[in-house]
Number of protein chains: 2
Amino acid sequence: MNTHTEENYLKAIYNLSRVKGEANVNELSKQLDIKMPTVNSMMKKLAEKGFIIHESYKPVRLTSKGEKEAALIIRKHRLTEMFLVEKMGFGWDEVHNIAEQIEHVQSPDFFAKMDQLLGYPKIDPHGSPIPDKNGKMEWVEYHKLNECKAGDIVNFKAVTHSSDDFLKFLNSRELLLGTTIKILSIEAFDGTMTIEYNKRKHEILSQLVCERILVAPIKK
Amino acid sequence: MNTHTEENYLKAIYNLSRVKGEANVNELSKQLDIKMPTVNSMMKKLAEKGFIIHESYKPVRLTSKGEKEAALIIRKHRLTEMFLVEKMGFGWDEVHNIAEQIEHVQSPDFFAKMDQLLGYPKIDPHGSPIPDKNGKMEWVEYHKLNECKAGDIVNFKAVTHSSDDFLKFLNSRELLLGTTIKILSIEAFDGTMTIEYNKRKHEILSQLVCERILVAPIKK
DNA sequence: ATATTTTGTTAGAATGTTCTAACTTTATAC
DNA sequence: GTATAAAGTTAGAACATTCTAACAAAATAT
Ligand SMILES: [Mn+2]
Ligand SMILES: [Mn+2]
Ligand SMILES: [Mn+2]
Ligand SMILES: [Mn+2]
């Protein structure tokens, strides 16, 4: 098996690759808070192990082996987060750091049991899909809230970042997954949005916040 | 904080110290399956960190700091085992290896939540006491079954070893914690015991098994 | 009491993960 | 298109954890 360390690199490559299909050393370095030369040498190791393709001075790409490996770690992470929220009573803002550690536990039985107790969930507490046992993940393509138009009515489906701070901010505004949001206006200058949901008639969100909120249009 | 590795050493020292108040390098080496020179150099490190006292060619002893540190890891281990059995439906023979990993998770909240959900348990699924938040452990002094006499009636309180194999053996004999056992006879030659419990009237246990079973006399 | 065995230590090396400093290649700006 | 900046690489070192080989001390056996 792979080490804790290798698993964290694979996961970071996977996440950065989601958009462009590739990840570069500089971004990995920032994301993992590890200096570039260290990342560089780990890229060599992961390439030797067949998890990634790495040509000099080019971004790295996951092989199908690497992609599966990463997805299975993400599966363990997200099942854990779901378990912590649904079965242990943690808030969605409290589970990421714990899951970051438990995702490295080597015990298929442990995660199979979580999965079973949770009723084989498809999404985690942040709205992200949970890969299946083969590492296949179904990505529903949501829109970012900041790309919507004034007058749109949408449903809050997922967040793109799960830092404590951001989730606590949403908690403080009572803005939870599943909430129906009406966009009242958008400030052209800085992208600030005024929205309405539940009993809150004039809530204001900065563009930074809107970029991290994923929504689906309401079908009528 | 300390590394995963240091924590495993501390735990091993604690367990070996239980009987004699000290642990020697050779036994640690066998227990951890790590060669003596490696253990020796780790002893220097742990001594520098103030967890143990180590004079050359003498057994090591935990300082009170080291003892507390070790007890708090054991607390996490045993709470985890209890959680796995009581809240997730694992058998007592399936939980040790998972707990061996989860005991290293750094999250006071996580273990506090387990503790709360379990109702602040005092013993783990193998009958061992769970240290409190200050690392204090109340050891009830049970007897080993092999030290009892023919005719004694005793209650099965704990096991001294929790390997899969041993626990599966007990499962196969339907011999669970809490069972009341009557000792029918003891073979003087090899210490084999014939015992009676529940519907089993003539069960035979080797001395090796009897040494690993802790019991309390029945009060009448 | 001496020889043998067991236990403990030292020295030197290997592997894994990380760093800083120096250099090279690629991208961006003017 | 050249200058500057950003991204990527190489080299060399540090620290943690482990090993084997050789040696030393303590315990045990005869
Ligand atoms: Mn997460
Ligand atoms: Mn992690
Ligand atoms: Mn255990
Ligand atoms: Mn452990």
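Worth saying up front: this structure is predicted, and the values here are computed from it rather than measured. We name chains A, B, ... by the order of the sequence lines, and we start the count at 1 in each one.
Annotation: salt bridge (Lys or Arg N to Asp or Glu O under 4.0 Å) contacts of B:K58 (sequence neighbours excluded): B:E55. Considering only residues two or more places apart in sequence or on other chains, B:R18 meets the side-chain hydrogen bond (donor to acceptor under 3.5 Å, both in side chains) condition with none of them. For B:K45, the salt bridge (Lys or Arg N to Asp or Glu O under 4.0 Å) partners two or more places apart in sequence, or in a different chain, are B:E6. Take A:H104 and apply the ring pair (Phe, Tyr, Trp, His ring centres under 6.0 Å) test, not counting sequence neighbours, and it matches A:H4. Partners of A:K11 under the salt bridge (Lys or Arg N to Asp or Glu O under 4.0 Å) rule, at least two apart in sequence or in another chain, are A:E100, A:E103.
Rounded to a whole Å, the CD atom of A:E6 is 9 Å from the P atom of C:dG16. Rounded to an integer number of Å, the gap from A:K44 NZ to C:dT18 P is 16 Å. Atom CG of A:N2 is separated from atom P of C:dG16 by 12 Å (rounded to the nearest Å). For the pair B:K45 NZ and C:dT10 P, the interatomic distance rounds to 17 Å; values are reported in whole Å. A straight line from CE of A:M42 to P of C:dT17 spans 4 Å, rounded to a whole angstrom.
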Every protein N/O within reach of nucleotides 25-28 of chain D N/O, cut-off under 3.5 Å:
none

Please tabulate, for the side chains in residues 107-121 of chain A, all donor-acceptor contacts under 3.5 angstrom to protein atoms that are two or more places apart in sequence or on a different chain.
unit_1: A:S107; atom_1: OG; unit_2: A:F110; atom_2: N; d: 3.2
unit_1: A:D115; atom_1: OD2; unit_2: A:R75; atom_2: NH2; d: 3.0

Show which side-chain atoms of residues 158-170 of chain B pair as donor or acceptor with protein atoms under 3.5 Å away, not counting sequence neighbours.
unit_1: B:S163; atom_1: OG; unit_2: B:F166; atom_2: N; d: 3.3
unit_1: B:K168; atom_1: NZ; unit_2: B:D93; atom_2: OD2; d: 2.7

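Contacts with DNA chain C (heavy atom under 4.0 Å) in residues 29-39 of chain B: B:M36, B:P37, listed by number. Near DNA chain C, defined here as any heavy-atom distance below 4.0 Å, the residues from residues 7-28 of chain B are B:N24, B:V25, B:N26, listed numerically.
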TODO: Apply side chain to side chain contact (heavy atoms under 4.5 Å, CB included) to the pair B:H126 and B:V95, showing each step before the final yes or no.
DONE: CA-CA 10 Å; B:H126 309 113; B:V95 297; 4.1 Å; yes

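B:H54 comes within 4.0 angstrom of the backbone, heavy atoms only, and of no base.
Under 4.0 angstrom from either OP1 or OP2 of D:dA16 there lies no side-chain N or O belonging to B:T3.
Within a 6.0 Å sphere centred on NZ of B:K144, heavy atoms belonging to other residues, nucleotides or ligands number 12 at most.
Among pairs with a residue in residues 23-38 of chain B, those fulfilling salt bridge (Lys or Arg N to Asp or Glu O under 4.0 Å) read B:K20-B:E27, at least two apart in sequence or across chains. Note on residues 121-143 of chain B: pairs passing salt bridge (Lys or Arg N to Asp or Glu O under 4.0 Å), not counting sequence neighbours, are B:R78-B:D124.
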